[in-house]
Student: 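The structure under discussion is supplied below as structure tokens; questions concerning it will follow.
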Amino acid sequence: PADISEEEVRNFLAPTVPRSIALGWTSQEGNAEVFVLFEDNEDCRSARQLDGQRLGSFDAQVRFTVDNKFRRVMEDLGFWEKDPPAVAKEQPEVPAEQ
């Protein structure tokens with residue numbers, strides 16, 4: 001949500017400390033979402049226990065996702081540089097038949 005700050009997210013998650021927070025994402029359904037990256041799965045599981053708690057004026061829905069989704073969100077929001085597209089390996093030149 002636009003009125004949720006990074007500080008509010010950090011306070012909500014305390015004492016668990018996130019590695020990175022992505023604010024400003026909107027789902028395909030039009031819902032505002034906050035993505036958080038944790039150092040390890042234990043921290044992620046601790047945060048998951050906060051599902052349904054109040055984050056600002058909202059009931060938080062805390063869900064697991066994969067690291068690649070977090071990376072794509074950060075790239076789409078312009079916080080991380082997108083990975084360059086994979087370059088096809090050049091095929092060795094085959095000599096012409098003589």
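Keep in mind that what you see is a predicted model, and the values were worked out from it rather than measured.
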Student: Quick one, Asn41 and Arg45 - any side-chain contact, counting heavy atoms below 4.5 Å?
Tutor: yes
Student: Mind checking the CZ-CD1 spacing from Phe12 to Ile21? Nearest 0.5 Å is all I need.
Tutor: 11.5 Å
Student: The test is side-chain contact (heavy atoms from CB on, under 4.5 Å); show your working for Arg48 and Arg63 and say whether it passes.
Tutor: CA-CA 7 Å; Arg48 180 70 174 88; Arg63 304 290 181 262; 3.8 Å; yes
Student: Determine whether Phe38 and Val36 make a side-chain contact, defined as any pair of heavy atoms from C-beta on separated by less than 4.5 Å.
Tutor: yes
Student: Does the side chain of Trp25 come within less than 4.5 Å of Val34's, by heavy atoms?
Tutor: no
Student: So do Ile4 and Phe58 actually touch side chain to side chain, heavy atoms under 4.5 Å?
Tutor: yes
Student: Which atom names give the shortest non-hydrogen contact between Leu13 and Ala47, and what distance separates them?
Tutor: CD2-CB, 3.9 Å
Student: Say you draw a straight line from CZ of Arg72 to CZ of Phe35; how long is it, rounded to the nearest 0.5 Å?
Tutor: 9.0 Å
Student: Step by step, work out the side-chain contact (heavy atoms from CB on, under 4.5 Å) result for Ser20 and Phe70.
Tutor: CA-CA 9 Å; Ser20 188; Phe70 185 83; 3.7 Å; yes
Student: Is any side-chain heavy atom of Leu37 closer than 4.5 Å to one of Cys44?
Tutor: no
Student: With rounding to the nearest 0.5 Å, note down the distance linking CD in Gln61 to CG in Leu50.
Tutor: 13.5 Å
Student: Can you name the closest pair of heavy atoms from Leu23 and Ser5 and give their distance?
Tutor: CD1-C, 3.9 Å
Student: Taking C-beta and beyond as the side chain, do Asp59 and Gln53 meet within less than 4.5 Å on heavy atoms?
Tutor: no
Student: For Arg10, which of Glu7, Glu8, Glu6 qualifies under side chain to side chain donor-acceptor pair (under 3.5 Å)?
Tutor: Glu6
